[in-house]
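The block underneath contains the structure these notes are about, expressed in structure tokens.
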Amino acid sequence: MKKIAVFPGSFSPFTLGHKSIIERSIHLFDQIIISIGINSEKENNLFSIEDRKRWIQNIYAKDHQIDVQTYQGLTVDYCKKVGAQYIIRGLRSSNDFRYERDISQMNRILNKNIDTIFIIASPETSHISSSLVRDIIKNGGDASDFIPKQITL
Ligand code: ADP
């Protein structure tokens, strides 16, 4: 059976931290679907869903193991729909861990066929977060050290 993983997130925008998680986990799976969750409560208006998707597609245009999609609703339901057995999440801190542990355990109860695989952030990129990148951009700063070069803001 093909090993398929979903890497869900807001990716607003996709950063070098996200890219590092993909690079380190791609060897574990046949396919990774980078899945932009459309969540109205968390939605910020800085980057449209279309821009976020196109930027990630540009980064992985030549990589047939990686697909980019958007989804709405529960991540486990979406995983079932696309045939994914795994969810990938990155952990930067103990705060991330506490939050992610609860979600992964609740997801296990919702669907016991789906496991969450955690990758600890690389020391080179663990300080990067999309929210800080957004702050830099909103305030007219240069965020190019934190995002892939294919992202043209
Ligand atoms: P969400 O809103 O679901 O947290 P994000 O786009 O902020 O979505 O993050 C998606 C995933 O990437 C999360 O698992 C998050 O912990 C992880 N992540 C974000 N930034 C980094 C980073 N610098 N290093 C490792 N993982 C990261």
Side-chain angles (χ1 to χ4, degrees), residues 4-29 31-60 63 65-82 84-108 110-111 114-138 141-153:
I4 303 175
V6 158
F7 183 32
S10 316
F11 305 114
S12 186
F14 192 85
T15 68
L16 292 179
H18 297 128
K19 188 161 176 268
S20 159
I21 296 293
I22 293 285
E23 273 161 17
R24 291 169 56 212
S25 52
I26 191 62
H27 315 285
L28 303 171
F29 305 102
Q31 188 189 13
I32 294 180
I33 309 173
I34 301 173
S35 306
I36 307 169
I38 304 174
N39 174 347
S40 50
E41 273 167 42
K42 275 188 86 175
E43 231 26 76
N44 58 75
N45 295 321
L46 199 55
F47 308 120
S48 69
I49 299 278
E50 292 74 26
D51 279 348
R52 285 185 253 164
K53 185 175 180 191
R54 183 170 40 81
W55 287 329
I56 307 172
Q57 280 172 328
N58 288 343
I59 297 165
Y60 296 108
D63 195 329
Q65 265 180 290
I66 294 172
D67 194 10
V68 189
Q69 296 186 7
T70 58
Y71 76 102
Q72 262 175 316
L74 290 178
T75 304
V76 284
D77 291 346
Y78 166 74
C79 287
K80 191 173 172 197
K81 195 177 104 191
V82 296
Q85 310 93 328
Y86 303 98
I87 295 172
I88 302 169
R89 295 290 285 176
L91 295 180
R92 284 162 293 187
S93 62
S94 50
N95 281 347
D96 272 358
F97 170 74
R98 270 190 286 274
Y99 175 71
E100 296 289 342
R101 177 189 54 194
D102 291 350
I103 296 180
S104 72
Q105 289 179 330
M106 288 177 78
N107 279 340
R108 258 324 264 175
L110 292 172
N111 188 331
I114 296 170
D115 256 314
T116 306
I117 307 295
F118 294 105
I119 308 277
I120 304 274
S122 302
E124 299 79 23
T125 50
S126 65
H127 55 288
I128 302 175
S129 69
S130 297
S131 60
L132 289 180
V133 168
R134 286 198 302 276
D135 275 349
I136 293 171
I137 292 164
K138 274 188 218 157
D142 175 8
S144 57
D145 281 342
F146 311 112
I147 54 177
K149 61 181 180 327
Q150 292 89 342
I151 298 187
T152 48
L153 298 166

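Atom set for the values below is all heavy atoms of this structure, side chains included, hydrogens, waters and symmetry mates excluded. Both ligands and their constituent atoms are indexed starting at 1 by order of listing. Here the structure is a predicted model, which means the values were calculated and not measured.
With hydrogens and angles ignored, the 3.5 Å screen pairs a side-chain donor or acceptor of S129 with a backbone N or O of L132.
By the 30° and 60° cut-offs, the orientation of the rings of H18 relative to F11 is perpendicular.
Ligand 1 has a nitrogen or oxygen under 3.5 angstrom from a nitrogen or oxygen of G90. Considering backbone and side-chain N/O of S10, one or more are found under 3.5 Å from N/O of ligand 1. Polar contact check, R92 against ligand 1: a nitrogen or oxygen pair lies under 3.5 Å apart. Close N/O approach between H18 and ligand 1 is found [any backbone or side-chain N/O within under 3.5 Å].
Between D142 and S144, the side chains place a donor N or O and an acceptor N or O closer than 3.5 Å (distance only, hydrogens not considered). Side-chain contact annotation: R89 with S104, donor-acceptor N/O pair under 3.5 Å absent.
Interface of T125 with ligand 1, defined as ligand atoms under 4.0 Å from a residue heavy atom, comprises 22 (C), 23 (N). Those atoms of ligand 1 with a heavy atom of F7 less than 4.0 angstrom away are 11 (C), 12 (O). Residue contact check: R89 has heavy atoms under 4.0 Å from atoms 1 (P), 3 (O), 4 (O), 10 (C), 11 (C), 13 (C), 14 (O) of ligand 1. Below 4.0 Å from some heavy atom of D96 lie the following atoms of ligand 1, by number and element: 16 (O). The atoms of ligand 1 that sit less than 4.0 Å from any heavy atom of I21 are 25 (C), 26 (N).
Atom CE in M106 sits 12.5 Å away from atom OG1 in T116 (nearest 0.5 Å).
Taking 4.0 Å as the cut-off, F14 does not count as a neighbour of ligand 1 on heavy-atom distance. At least one heavy atom of P8 lies less than 4.0 angstrom from ligand 1.
Listed here is the closest heavy atom pair of D51 and S48: N-OG, 3.0 Å. Nearest heavy atom pair, residue K19 against residue P148, reads CD-CG, 4.0 Å.
Proximity of S20 to ligand 1, defined as any heavy-atom pair under 4.0 Å, is not found for any part of the residue.
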Could you walk me through whether K80 and D77 pass the salt bridge (Lys or Arg N to Asp or Glu O under 4.0 Å) check? CA-CA 5 Å; K80 191 173 172 197; D77 291 346; over 6 Å; no

